[in-house]
J.: 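Please find one structure pasted underneath; my questions will follow.
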Amino acid sequence: MKIRLVNAGIFTPVDDIELTITPPAEGFYWIDADVEDLELLQPLFNLHDLAVEDCLSDEEQRPKIEIYESHYFIVVNSIRFDDEEIFLRALNVFLGRHFIITVTKQKIHELRALKPILWEQEVSTPDRFLYLLIDLVVDNYFAVGDRIEVRIEKLEEDILMHTKKSHLSEIIGLRSEILWLKKMLGPQKEVINTLNKRDLRLIDDQLQKYFSDIYENAVKISETFETYRDLMGNLREAYQSSIANRANEIMRVFTAITTIFMPLTVITGIYGMNFDNIPEIHTKYGYYGVIGVMVTLGCGMLYVFRKKEWL
(Lines give C-alpha, C1' and ligand atoms only; values in the text may rest on other atoms or scores of the structure.)
Protein backbone atom coordinates (compact mmCIF):
# COMPACT_ATOMS: atom_id res chain seq x y z
CA MET A 1 0.00 0.00 0.00
CA LYS A 2 1.28 3.44 -0.97
CA ILE A 3 -0.02 6.61 0.67
CA ARG A 4 0.59 10.02 -0.89
CA LEU A 5 -0.51 13.53 -0.12
CA VAL A 6 -1.29 15.15 -3.47
CA ASN A 7 -1.29 18.94 -3.63
CA ALA A 8 -0.98 20.90 -6.88
CA GLY A 9 0.23 17.72 -8.56
CA ILE A 10 3.11 17.30 -6.11
CA PHE A 11 3.35 13.94 -4.30
CA THR A 12 4.41 13.74 -0.66
CA PRO A 13 4.77 10.22 0.79
CA VAL A 14 2.88 9.57 4.02
CA ASP A 15 4.08 6.85 6.39
CA ASP A 16 1.39 6.99 9.06
CA ILE A 17 -2.01 5.79 7.84
CA GLU A 18 -3.68 7.44 10.84
CA LEU A 19 -2.87 10.87 9.39
CA THR A 20 -5.16 10.24 6.41
CA ILE A 21 -8.26 10.20 8.62
CA THR A 22 -8.08 13.97 9.09
CA PRO A 23 -8.47 16.15 5.98
CA PRO A 24 -5.20 17.90 5.07
CA ALA A 25 -4.91 21.67 5.02
CA GLU A 26 -4.39 21.52 1.25
CA GLY A 27 -4.72 18.72 -1.31
CA PHE A 28 -5.98 15.19 -0.72
CA TYR A 29 -4.72 11.73 0.12
CA TRP A 30 -4.29 9.09 -2.57
CA ILE A 31 -4.07 5.56 -1.21
CA ASP A 32 -3.02 2.98 -3.79
CA ALA A 33 -3.91 -0.32 -2.13
CA ASP A 34 -4.19 -4.04 -2.70
CA VAL A 35 -7.30 -5.98 -1.73
CA GLU A 36 -5.49 -7.28 1.37
CA ASP A 37 -5.16 -3.71 2.66
CA LEU A 38 -8.94 -3.27 2.87
CA GLU A 39 -8.97 -4.99 6.26
CA LEU A 40 -7.05 -1.99 7.61
CA LEU A 41 -8.69 0.69 5.46
CA GLN A 42 -12.34 -0.26 6.01
CA PRO A 43 -12.66 0.79 9.67
CA LEU A 44 -10.52 3.92 9.16
CA PHE A 45 -12.65 5.34 6.34
CA ASN A 46 -15.91 3.58 7.21
CA LEU A 47 -16.01 1.84 3.83
CA HIS A 48 -19.27 0.07 3.15
CA ASP A 49 -19.32 -3.70 3.69
CA LEU A 50 -20.89 -4.43 0.29
CA ALA A 51 -18.26 -2.38 -1.53
CA VAL A 52 -15.43 -4.15 0.30
CA GLU A 53 -17.08 -7.49 -0.43
CA ASP A 54 -17.15 -6.66 -4.15
CA CYS A 55 -13.43 -5.85 -4.07
CA LEU A 56 -12.61 -9.15 -2.35
CA SER A 57 -14.84 -11.27 -4.58
CA ASP A 58 -13.20 -13.55 -7.14
CA GLU A 59 -16.15 -13.11 -9.50
CA GLU A 60 -15.91 -10.72 -12.40
CA GLN A 61 -17.28 -7.32 -11.37
CA ARG A 62 -19.41 -5.29 -13.75
CA PRO A 63 -18.75 -1.55 -13.94
CA LYS A 64 -20.98 0.30 -11.49
CA ILE A 65 -21.26 3.22 -9.10
CA GLU A 66 -22.66 2.98 -5.56
CA ILE A 67 -23.51 6.12 -3.57
CA TYR A 68 -22.91 5.86 0.18
CA GLU A 69 -23.18 8.48 2.89
CA SER A 70 -19.48 9.32 3.28
CA HIS A 71 -18.03 8.04 -0.01
CA TYR A 72 -18.73 6.69 -3.49
CA PHE A 73 -17.70 3.25 -4.72
CA ILE A 74 -16.91 3.10 -8.44
CA VAL A 75 -15.84 0.12 -10.55
CA VAL A 76 -14.49 0.60 -14.08
CA ASN A 77 -12.71 -1.85 -16.36
CA SER A 78 -9.21 -1.19 -17.62
CA ILE A 79 -8.47 -2.92 -20.93
CA ARG A 80 -5.37 -4.71 -22.14
CA PHE A 81 -4.69 -6.49 -25.46
CA ASP A 82 -1.64 -8.69 -25.99
CA ASP A 83 -2.41 -9.61 -29.66
CA GLU A 84 -3.76 -12.97 -28.52
CA GLU A 85 -6.45 -12.17 -25.97
CA ILE A 86 -8.31 -9.18 -24.55
CA PHE A 87 -8.12 -8.71 -20.79
CA LEU A 88 -10.37 -6.52 -18.65
CA ARG A 89 -9.06 -5.64 -15.20
CA ALA A 90 -11.32 -4.20 -12.53
CA LEU A 91 -10.27 -0.85 -11.11
CA ASN A 92 -12.06 -0.23 -7.79
CA VAL A 93 -12.19 3.36 -6.55
CA PHE A 94 -13.41 4.76 -3.23
CA LEU A 95 -13.99 8.50 -3.56
CA GLY A 96 -14.25 10.63 -0.42
CA ARG A 97 -14.22 14.32 0.38
CA HIS A 98 -10.49 14.41 1.16
CA PHE A 99 -9.26 11.04 -0.10
CA ILE A 100 -9.36 8.63 -3.00
CA ILE A 101 -8.55 4.94 -2.63
CA THR A 102 -7.69 2.81 -5.67
CA VAL A 103 -7.86 -0.95 -5.15
CA THR A 104 -6.62 -3.43 -7.78
CA LYS A 105 -5.73 -7.10 -7.97
CA GLN A 106 -3.31 -6.63 -10.89
CA LYS A 107 -1.15 -3.78 -12.04
CA ILE A 108 -3.12 -1.12 -13.93
CA HIS A 109 -1.20 0.83 -16.56
CA GLU A 110 -3.44 3.88 -16.25
CA LEU A 111 -2.44 4.45 -12.62
CA ARG A 112 1.22 4.75 -13.61
CA ALA A 113 0.40 6.94 -16.62
CA LEU A 114 -1.72 9.24 -14.45
CA LYS A 115 1.11 10.55 -12.24
CA PRO A 116 2.73 12.96 -14.75
CA ILE A 117 -0.72 14.24 -15.73
CA LEU A 118 -1.52 15.07 -12.10
CA TRP A 119 1.72 17.01 -11.85
CA GLU A 120 1.22 18.79 -15.18
CA GLN A 121 -2.32 19.91 -14.34
CA GLU A 122 -1.52 20.66 -10.69
CA VAL A 123 -4.36 18.53 -9.39
CA SER A 124 -5.40 19.13 -5.77
CA THR A 125 -8.85 17.49 -5.49
CA PRO A 126 -9.88 13.81 -5.50
CA ASP A 127 -12.79 14.37 -7.90
CA ARG A 128 -10.44 15.76 -10.56
CA PHE A 129 -8.16 12.76 -9.95
CA LEU A 130 -11.16 10.52 -10.65
CA TYR A 131 -12.00 12.41 -13.85
CA LEU A 132 -8.46 12.14 -15.24
CA LEU A 133 -8.23 8.47 -14.29
CA ILE A 134 -11.48 7.49 -16.04
CA ASP A 135 -10.48 9.61 -19.03
CA LEU A 136 -7.25 7.60 -19.33
CA VAL A 137 -9.13 4.30 -19.00
CA VAL A 138 -11.54 5.24 -21.79
CA ASP A 139 -8.79 6.59 -24.07
CA ASN A 140 -6.95 3.28 -23.77
CA TYR A 141 -9.94 1.56 -25.39
CA PHE A 142 -9.25 3.58 -28.55
CA ALA A 143 -5.64 2.36 -28.60
CA VAL A 144 -6.77 -1.25 -28.17
CA GLY A 145 -9.41 -0.74 -30.85
CA ASP A 146 -6.75 0.41 -33.32
CA ARG A 147 -4.70 -2.74 -32.64
CA ILE A 148 -7.76 -4.93 -33.11
CA GLU A 149 -8.48 -3.20 -36.42
CA VAL A 150 -4.91 -3.89 -37.60
CA ARG A 151 -5.32 -7.55 -36.64
CA ILE A 152 -8.61 -7.77 -38.55
CA GLU A 153 -7.01 -6.24 -41.66
CA LYS A 154 -4.06 -8.65 -41.47
CA LEU A 155 -6.39 -11.61 -41.00
CA GLU A 156 -8.43 -10.50 -44.01
CA GLU A 157 -5.29 -10.21 -46.13
CA ASP A 158 -4.09 -13.66 -45.06
CA ILE A 159 -7.45 -15.21 -45.90
CA LEU A 160 -7.51 -13.64 -49.36
CA MET A 161 -3.90 -14.62 -50.10
CA HIS A 162 -3.79 -18.11 -48.62
CA THR A 163 -6.67 -19.54 -46.62
CA LYS A 164 -5.84 -21.91 -43.75
CA LYS A 165 -8.04 -23.93 -41.44
CA SER A 166 -6.51 -22.09 -38.46
CA HIS A 167 -8.03 -18.83 -39.74
CA LEU A 168 -11.52 -20.01 -38.76
CA SER A 169 -10.55 -20.53 -35.12
CA GLU A 170 -8.91 -17.08 -35.10
CA ILE A 171 -12.08 -15.49 -36.48
CA ILE A 172 -14.33 -17.25 -33.98
CA GLY A 173 -12.03 -16.46 -31.05
CA LEU A 174 -11.61 -12.77 -31.89
CA ARG A 175 -15.31 -12.31 -32.61
CA SER A 176 -16.24 -13.87 -29.26
CA GLU A 177 -13.89 -11.52 -27.44
CA ILE A 178 -15.29 -8.49 -29.27
CA LEU A 179 -18.85 -9.53 -28.37
CA TRP A 180 -17.86 -10.06 -24.73
CA LEU A 181 -16.10 -6.69 -24.64
CA LYS A 182 -19.07 -4.88 -26.18
CA LYS A 183 -21.31 -6.46 -23.55
CA MET A 184 -19.08 -5.06 -20.79
CA LEU A 185 -19.01 -1.59 -22.37
CA GLY A 186 -22.72 -1.08 -21.71
CA PRO A 187 -22.49 -0.86 -17.91
CA GLN A 188 -19.32 1.23 -18.18
CA LYS A 189 -21.16 3.80 -20.30
CA GLU A 190 -23.89 3.96 -17.67
CA VAL A 191 -21.35 4.63 -14.92
CA ILE A 192 -19.87 7.53 -16.87
CA ASN A 193 -23.34 8.83 -17.70
CA THR A 194 -24.21 8.81 -14.00
CA LEU A 195 -21.09 10.81 -13.21
CA ASN A 196 -22.15 13.22 -15.95
CA LYS A 197 -25.84 13.77 -15.20
CA ARG A 198 -26.57 12.83 -11.60
CA ASP A 199 -26.30 15.38 -8.80
CA LEU A 200 -23.24 14.14 -6.87
CA ARG A 201 -22.11 16.20 -3.88
CA LEU A 202 -18.54 14.79 -3.91
CA ILE A 203 -17.95 15.97 -7.47
CA ASP A 204 -17.71 19.65 -8.32
CA ASP A 205 -20.54 20.92 -10.56
CA GLN A 206 -18.12 22.49 -13.04
CA LEU A 207 -16.02 19.35 -13.24
CA GLN A 208 -19.08 17.15 -13.65
CA LYS A 209 -19.75 18.67 -17.05
CA TYR A 210 -16.44 17.31 -18.33
CA PHE A 211 -17.67 13.77 -17.85
CA SER A 212 -19.99 14.33 -20.83
CA ASP A 213 -16.90 14.34 -23.07
CA ILE A 214 -15.80 11.01 -21.63
CA TYR A 215 -19.31 9.66 -22.15
CA GLU A 216 -19.23 10.66 -25.83
CA ASN A 217 -15.93 8.81 -26.21
CA ALA A 218 -17.43 5.76 -24.51
CA VAL A 219 -20.32 5.83 -27.00
CA LYS A 220 -17.87 6.06 -29.90
CA ILE A 221 -15.95 3.08 -28.55
CA SER A 222 -19.12 1.04 -28.26
CA GLU A 223 -20.06 1.90 -31.86
CA THR A 224 -16.52 1.05 -33.01
CA PHE A 225 -16.68 -2.41 -31.49
CA GLU A 226 -20.11 -2.89 -33.04
CA THR A 227 -18.44 -2.23 -36.39
CA TYR A 228 -15.69 -4.72 -35.54
CA ARG A 229 -18.34 -7.33 -34.81
CA ASP A 230 -19.85 -6.80 -38.26
CA LEU A 231 -16.39 -6.97 -39.84
CA MET A 232 -15.76 -10.31 -38.17
CA GLY A 233 -19.03 -11.59 -39.65
CA ASN A 234 -17.90 -10.43 -43.10
CA LEU A 235 -14.52 -12.02 -42.50
CA ARG A 236 -16.15 -15.36 -41.72
CA GLU A 237 -18.17 -15.16 -44.94
CA ALA A 238 -14.97 -14.35 -46.85
CA TYR A 239 -13.30 -17.39 -45.28
CA GLN A 240 -16.17 -19.69 -46.25
CA SER A 241 -16.24 -18.24 -49.75
CA SER A 242 -12.49 -18.71 -50.11
CA ILE A 243 -12.75 -22.32 -48.95
CA ALA A 244 -15.60 -22.96 -51.41
CA ASN A 245 -13.66 -21.36 -54.27
CA ARG A 246 -10.61 -23.42 -53.39
CA ALA A 247 -12.70 -26.60 -53.40
CA ASN A 248 -14.19 -25.64 -56.76
CA GLU A 249 -10.70 -25.01 -58.14
CA ILE A 250 -9.53 -28.42 -57.01
CA MET A 251 -12.62 -30.10 -58.46
CA ARG A 252 -12.07 -28.28 -61.76
CA VAL A 253 -8.51 -29.61 -61.98
CA PHE A 254 -9.65 -33.12 -61.14
CA THR A 255 -12.43 -32.89 -63.73
CA ALA A 256 -9.99 -31.73 -66.39
CA ILE A 257 -7.58 -34.55 -65.58
CA THR A 258 -10.42 -37.08 -65.72
CA THR A 259 -11.60 -35.65 -69.05
CA ILE A 260 -8.10 -35.90 -70.56
CA PHE A 261 -7.72 -39.52 -69.50
CA MET A 262 -11.15 -40.60 -70.70
CA PRO A 263 -10.23 -40.93 -74.43
CA LEU A 264 -6.90 -42.49 -73.44
CA THR A 265 -8.82 -45.07 -71.42
CA VAL A 266 -10.98 -45.79 -74.47
CA ILE A 267 -7.89 -46.41 -76.63
CA THR A 268 -6.26 -48.71 -74.06
CA GLY A 269 -9.58 -50.49 -73.63
CA ILE A 270 -9.89 -51.15 -77.37
CA TYR A 271 -6.37 -52.46 -77.76
CA GLY A 272 -6.64 -54.40 -74.55
CA MET A 273 -9.41 -56.64 -75.95
CA ASN A 274 -8.47 -60.28 -76.51
CA PHE A 275 -9.12 -60.42 -80.27
CA ASP A 276 -6.56 -61.79 -82.74
CA ASN A 277 -7.92 -59.86 -85.71
CA ILE A 278 -6.74 -56.37 -84.70
CA PRO A 279 -4.61 -55.11 -87.62
CA GLU A 280 -2.31 -52.83 -85.64
CA ILE A 281 -1.62 -55.31 -82.89
CA HIS A 282 0.88 -57.30 -84.96
CA THR A 283 2.69 -54.36 -86.57
CA LYS A 284 6.33 -53.74 -85.63
CA TYR A 285 5.80 -50.20 -84.33
CA GLY A 286 2.15 -50.49 -83.26
CA TYR A 287 2.93 -49.98 -79.57
CA TYR A 288 4.90 -46.79 -80.21
CA GLY A 289 2.24 -45.51 -82.55
CA VAL A 290 -0.55 -45.95 -80.02
CA ILE A 291 1.54 -44.30 -77.29
CA GLY A 292 2.27 -41.41 -79.63
CA VAL A 293 -1.41 -40.97 -80.45
CA MET A 294 -2.26 -41.01 -76.72
CA VAL A 295 0.41 -38.43 -75.84
CA THR A 296 -0.63 -36.18 -78.74
CA LEU A 297 -4.28 -36.46 -77.79
CA GLY A 298 -3.59 -35.71 -74.11
CA CYS A 299 -1.36 -32.72 -74.91
CA GLY A 300 -3.86 -31.40 -77.42
CA MET A 301 -6.69 -31.53 -74.93
CA LEU A 302 -4.51 -29.86 -72.29
CA TYR A 303 -3.69 -27.07 -74.76
CA VAL A 304 -7.37 -26.55 -75.55
CA PHE A 305 -8.29 -26.41 -71.83
CA ARG A 306 -5.62 -23.83 -71.11
CA LYS A 307 -6.56 -21.72 -74.13
CA LYS A 308 -10.16 -21.62 -72.98
CA GLU A 309 -8.93 -20.89 -69.42
CA TRP A 310 -10.56 -23.95 -68.00
CA LEU A 311 -7.28 -24.72 -66.24
Side-chain angles (χ1 to χ4, degrees), residues 1-12 14 17-33 35 37-38 40-55 61-78 90-104 108 110-111 114-115 117-119 121-138 187-218:
M1 178 171 57
K2 295 181 180 179
I3 308 171
R4 307 175 182 91
L5 172 63
V6 184
N7 183 31
I10 299 174
F11 295 83
T12 304
V14 177
I17 186 66
E18 298 291 339
L19 295 176
T20 60
I21 301 176
T22 305
E26 293 181 332
F28 66 98
Y29 291 109
W30 172 25
I31 302 174
D32 189 14
V35 290
D37 300 319
L38 288 173
L40 174 62
L41 296 173
Q42 183 178 10
L44 289 175
F45 295 96
N46 195 26
L47 303 179
H48 199 278
D49 292 339
L50 292 176
V52 173
E53 183 180 340
D54 287 340
C55 292
Q61 295 298 317
R62 290 167 58 88
K64 63 180 179 179
I65 178 171
E66 300 289 348
I67 309 298
Y68 300 114
E69 184 177 351
S70 61
H71 61 277
Y72 302 159
F73 176 61
I74 303 163
V75 180
V76 293
N77 282 327
S78 170
L91 175 56
N92 307 292
V93 179
F94 293 90
L95 176 69
R97 181 69 66 181
H98 72 279
F99 67 88
I100 189 165
I101 303 173
T102 54
V103 183
T104 59
I108 302 295
E110 288 83 353
L111 289 176
L114 183 62
K115 296 177 184 178
I117 299 176
L118 296 176
W119 178 81
Q121 299 195 16
E122 300 181 353
V123 174
S124 298
T125 58
D127 55 349
R128 187 159 185 82
F129 178 104
L130 176 67
Y131 162 73
L132 293 172
L133 177 59
I134 295 180
D135 189 39
L136 273 179
V137 169
V138 172
Q188 187 136 305
K189 285 194 303 181
E190 293 305 315
V191 170
I192 299 172
N193 195 34
T194 300
L195 293 170
N196 172 34
K197 293 186 175 180
R198 187 167 174 177
D199 184 19
L200 302 172
R201 57 186 177 81
L202 294 182
I203 298 178
D204 184 80
D205 292 340
Q206 296 299 320
L207 179 63
Q208 195 170 11
K209 297 177 182 179
Y210 285 90
F211 281 98
S212 62
D213 182 62
I214 302 179
Y215 178 73
E216 289 177 4
N217 288 337

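Predicted, not measured: the structure shown is a model, and the values here were computed from it. Numbers here simply count residues along the sequence, with the first being 1.
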J.: Report yes if some heavy atom in the side chain of Ile203 is under 4.5 Å from a heavy atom in the side chain of Tyr131; otherwise report no.
T.: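 The answer is no; the side chains never approach within 4.5 Å.
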J.: So which atom in Val35 and which in Cys55 form the shortest heavy-atom distance, rounded to 0.1 Å?
T.: CG1-O, 3.5 Å
J.: Do any N or O atoms from the side chain of His98 and from the backbone of Ile21 form a donor-acceptor pair under 3.5 angstrom?
T.: yes
J.: Distance from Asn92 atom CG to Ile74 atom CD1, nearest 0.5 Å?
T.: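 So the gap between those two atoms works out to 10.5 Å.
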J.: Which pair of non-hydrogen atoms, one from Val137 and one from Asn77, has the smallest distance, and what is that distance?
T.: CG1-O, 3.4 Å
J.: Could you tell me the separation between the CZ atom of Phe45 and the CG atom of Leu38, rounded to the nearest 0.5 Å?
T.: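 If we round to the nearest 0.5 Å, Phe45:CZ and Leu38:CG are 11.5 Å apart.
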J.: Can the ring centroids of Phe99 and Phe28 be said to lie less than 6.0 angstrom from one another?
T.: no
J.: Just so I know, are the side chains of Leu133 and Leu91 near enough to count as touching, which here means a heavy-atom distance under 4.5 Å?
T.: yes
J.: Going through the checks in order, is the side chain to side chain contact (heavy atoms under 4.5 Å, CB included) test met by Asp32 and Arg4?
T.: CA-CA 8 Å; Asp32 189 14; Arg4 307 175 182 91; 4.1 Å; yes
J.: Below 4.5 Å, heavy atoms only, C-beta onward: do Arg62 and Val75 meet side chain to side chain?
T.: no
J.: Inspect the surroundings of OH in Tyr210 and state if more than 12 heavy atoms from other residues, nucleotides or ligands are less than 6.0 Å away.
T.: no
J.: Can you check whether Leu41 reaches Ile17 side chain to side chain, under 4.5 Å on heavy atoms?
T.: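 Side chain of Leu41 against side chain of Ile17, heavy atoms only: contact under 4.5 Å found.
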J.: With rounding to the nearest 0.5 angstrom, report the CG to CG distance, Leu207 to Asp127.
T.: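 It comes to 5.0 Å.
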J.: Around atom NZ of Lys115, are there more than 12 heavy atoms from other residues, nucleotides or ligands closer than 6.0 Å?
T.: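 Count over threshold, so yes.
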J.: Less than 4.5 Å apart, side chain to side chain, heavy atoms only: is that true for Leu200 and Tyr72?
T.: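 When only atoms from C-beta onward are counted, Tyr72 and Leu200 do touch, with a gap below 4.5 Å.
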J.: Quick one: pull up CD1 in Ile100 and NE2 in His71 and give me the separation to the nearest 0.5 Å.
T.: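 Reported value, rounded in 0.5 Å steps: 12.5 Å.
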J.: On a heavy-atom basis, which atom in Leu5 and which in Val14 lie closest, and how many Å separate them?
T.: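 Minimum heavy-atom contact is N-CG2, 3.9 Å.
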J.: Hey, does Asp54 have a side-chain heavy atom less than 4.5 Å from the side chain of Lys64?
T.: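 The answer is yes, as the side chains (C-beta and beyond) meet within the 4.5 Å cut-off.
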J.: Would a 4.5 Å heavy-atom cut-off, applied to side chains only, mark Leu132 and Leu136 as touching?
T.: no
J.: Test Phe73 against Leu47 for side chain to side chain contact (heavy atoms under 4.5 Å, CB included), laying out the working first.
T.: CA-CA 9 Å; Phe73 176 61; Leu47 303 179; over 6 Å; no
J.: Would you please test Ile134 and Glu110 for side chain to side chain contact (heavy atoms under 4.5 Å, CB included) and show each step?
T.: CA-CA 9 Å; Ile134 295 180; Glu110 288 83 353; over 6 Å; no
J.: Any side-chain heavy atom of Leu40 within less than 4.5 Å of one from Met1?
T.: yes
J.: Search all heavy atoms of Gly96 against all heavy atoms of Pro126 and return the closest pair with its distance.
T.: O-CG, 3.6 Å
J.: Ignoring hydrogens, what is the shortest heavy-atom contact between Ser124 and Asn7? Give both atom names and the distance.
T.: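 It is OG-OD1, 3.4 Å.
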J.: Would you compute the distance between atom CD1 of Ile192 and atom CD of Glu216 and round it to the nearest 0.5 angstrom?
T.: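 So the CD1 of Ile192 and the CD of Glu216 are separated by 11.5 Å.
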J.: Measuring from atom CZ of Phe211 to atom OG1 of Thr194, what distance do you get when rounded to the nearest 0.5 angstrom?
T.: 11.0 Å
